[in-house]
Amino acid sequence: MRKLVYYIASTLDGFIAGPDGADPTGPDGFWPVPADYVQHLITEYPETLPAPARAALDITDGGTHFDTVLEGRRSYEIGLRAGLTDAYPHLRHLVFSRTLNESPDPAVELVADDPVATVRELKQQDGRGIWLMGGAELAGVLYSEIDELIVKLSPMTIGAGIPLFSDKAVFDPCGWELTDHTVLKCGAIFLTYARRTAAE
C-alpha cells in the first residue's frame with residue numbers, strides 16, 4: 001500500500017510560513033535556502049523541486065520517493081500568483097478545492113471530494129509515495145491518514161505564523177518513530193518519522 005507522506009519545511013517553533021501564508025522562500029521571503037540545503041534536495045528529493053528550479057538546475061532525475069503531490073487551494077494559489085499553473089508537471093498533481101470551478105492547467109486535477117476518502121483510494125493504487133505538500137489546513141484534515149513525516153527543520157524561529165497542522169486536526173496524540181535523519185552544515189535537519197501503530 002502506498003504511503004501518505006507529509007514532507008514539509010518547518011521552523012524550530014513549528015511554523016511552515018509566516019502569518020500571511022506567503023511563500024517564505026520566495027523573492028520577498030524571510031526563509032534562507034543555503035547551498036548545502038539545495039544540494040541535499042537535488043540529491044535526495046529531486047522530484048520535490050518545482051519545475052522552474054528543476055530547469056534552472058538542469059535536473060531530469062524523476063526521484064524515488066513520490067509520483068503524486070497533493071495540495072490545498074491556498075498553497076496552489078501561491079504558485080498561480082507566481083505564474084505557475086502546474087509547478088510539478090513531472091508528478092500527478094491534485095489540488096483540493098471546493099471553490100475553484102475549473103483547473104487553470106489541464107494536468108492539474110481539482111478534487112472537491114472528501115480528502116480522506118480520496119487519499120484512501122490513492123493509497124490502494126499502484127505507485128510511489130504520495131507527497132502531501134500542504135498547506136496546514138489540508139494537513140489538518142488528513143492528520144489521521146499521514147503515514148510518514150519528513151520535516152525539513154530550519155534553524156530559525158519566527159514567533160507566529162501558519163503551524164504544521166491547522167485546527168482542522170482533531171486532538172489525537174500519536175507516537176512517531178525516528179527512522180532517518182540528516183544534519184546539514186547550515187544547521188537544517190531532515191527528520192523522517194514513521195507513524196507508530198496502536199500495537200507498538
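Numbers here simply count residues along the sequence, with the first being 1. Bear in mind the structure is a predicted one, so any value in this text is a computation, not a measurement.
Distance alone, capped at 3.5 Å, places no donor-acceptor pair between the Glu71 side chain and the Val95 backbone. The main-chain N or O of Gly159 is found under 3.5 Å from a side-chain atom of Asp13 such that the two form a donor-acceptor pair. At distances below 3.5 Å, at least one donor-acceptor pair connects side-chain atoms of Asp36 with backbone N or O atoms of Cys186. Proximity of a side-chain donor or acceptor of Ser103 to a complementary backbone N or O of Val108 within less than 3.5 Å is detected. In terms of modelled atom types and a separation under 3.5 Å, the side chain of Arg2 and the main chain of Arg128 share a donor-acceptor contact. The closest donor-acceptor contact from the side chain of Arg54 to the backbone of Tyr88 lies at 3.5 Å or more, if one exists at all. A donor-acceptor contact shorter than 3.5 Å is absent between the side chain of His181 and the backbone of Ile189. For the pair Asp61 (side chain) and Pro46 (backbone), a donor-acceptor distance under 3.5 Å is absent.
Using a 4.5 Å heavy-atom threshold, the side chains of Pro104 and Tyr76 count as touching. Counting heavy atoms from C-beta outward, Asp180 and Leu178 have side chains that stay 4.5 Å or more apart. Side-chain contact between Val151 and Trp176: absent, with no pair of heavy atoms (C-beta onward) separated by less than 4.5 Å. Counting only heavy atoms from C-beta outward, the side chains of Val5 and Asp147 never approach each other to under 4.5 Å. Using a 4.5 Å heavy-atom cutoff, the side chains of Leu132 and Leu142 are in contact. Side chains of Trp131 and Tyr6 form no contact here, defined as non-hydrogen atoms less than 4.5 Å apart. Using a 4.5 Å heavy-atom threshold, the side chains of Tyr143 and Cys174 count as touching. Residues Gln124 and Met1 are in side-chain contact: their nearest non-hydrogen atoms beyond the backbone lie under 4.5 Å apart.
Summarising the geometry, atom CG belonging to Leu4 is positioned 5.5 Å from atom NZ belonging to Lys123; distances are rounded to the nearest 0.5 Å. The distance from atom CD of Glu177 to atom CZ of Arg196, rounded to the nearest 0.5 Å, is 5.0 Å. We find the OG-CD1 distance between Ser10 and Ile162 to be 12.5 Å, quoted to the nearest 0.5 Å. With rounding to the nearest 0.5 Å, the separation of NE2 in His40 from CD1 in Ile42 is 11.5 Å. With rounding to the nearest 0.5 Å, the separation of CG in Leu122 from CG in Leu94 is 6.0 Å. Here OG1 of Thr182 is found 9.0 Å from CG of Leu191. Values are rounded to the nearest 0.5 Å.
Hydrophobic clustering (ILVMFWY, side-chain heavy atoms < 4.5 Å, transitive): Leu91 and Ile59 are in one cluster. Hydrophobic cluster membership differs between Leu149 and Met133, with clusters built from Ile, Leu, Val, Met, Phe, Trp and Tyr side chains linked at under 4.5 angstrom. Note on Ile16 and Val33: separate hydrophobic clusters, where clusters join Ile, Leu, Val, Met, Phe, Trp and Tyr whose side-chain heavy atoms are under 4.5 Å apart, directly or indirectly. Hydrophobic cluster membership is shared by Val119 and Leu164, with clusters built from Ile, Leu, Val, Met, Phe, Trp and Tyr side chains linked at under 4.5 angstrom. Taken together through direct or relayed side-chain contacts under 4.5 Å among Ile, Leu, Val, Met, Phe, Trp and Tyr, Leu184 and Met156 form parts of separate hydrophobic clusters.
Taking each heavy atom of Thr179 and Ala194 in turn, the nearest pair found is CG2-CB, 3.9 Å. Ala17 approaches Ala22 most closely through the heavy-atom pair CB-O, 3.9 Å. In plain terms, the two heavy atoms of Glu47 and His65 that are nearest each other are OE2-N, 2.7 Å. Between Gly127 and Asp67 the shortest heavy-atom distance is CA-OD2, 3.3 Å. Contact detail for Gly134 and Ser75: the closest heavy-atom pair is C-OG, 3.5 Å.
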*Working for side chain to side chain contact (heavy atoms under 4.5 Å, CB included), residues Val38 and Leu57*: CA-CA 10 Å; Val38 173; Leu57 297 166; 4.2 Å; yes
*Passes side chain to side chain contact (heavy atoms under 4.5 Å, CB included), Ile130 versus Leu70? Steps please.*
CA-CA 7 Å; Ile130 304 162; Leu70 313 180; 3.6 Å; yes
*Report the C-alpha distance between Leu153 and Leu12 in whole Å, list the side-chain angles of each, state the deciding distance to 0.1 Å, and finish with yes or no for side chain to side chain contact (heavy atoms under 4.5 Å, CB included).*
CA-CA 6 Å; Leu153 194 63; Leu12 291 174; 3.8 Å; yes
*Taking it one step at a time, do Tyr7 and Lys152 satisfy side chain to side chain contact (heavy atoms under 4.5 Å, CB included)?*
CA-CA 8 Å; Tyr7 169 88; Lys152 301 172 284 182; 3.4 Å; yes
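Checked options Trp31, Phe190, Tyr45; the residue passing with Tyr37 is Phe190 (criterion: ring pair (Phe, Tyr, Trp, His ring centres under 6.0 Å)).
Between Asp113 and Arg98 there is no salt bridge, since none of the side-chain N atoms of the basic residue sits less than 4.0 Å from a carboxylate O of the acidic one.
Scanning for salt bridge (Lys or Arg N to Asp or Glu O under 4.0 Å) contacts around Arg120 gives Glu145, with sequence neighbours left out.
With no hydrogens or angles considered, a side-chain donor-acceptor pair links Asp105 and Thr85 at under 3.5 Å.
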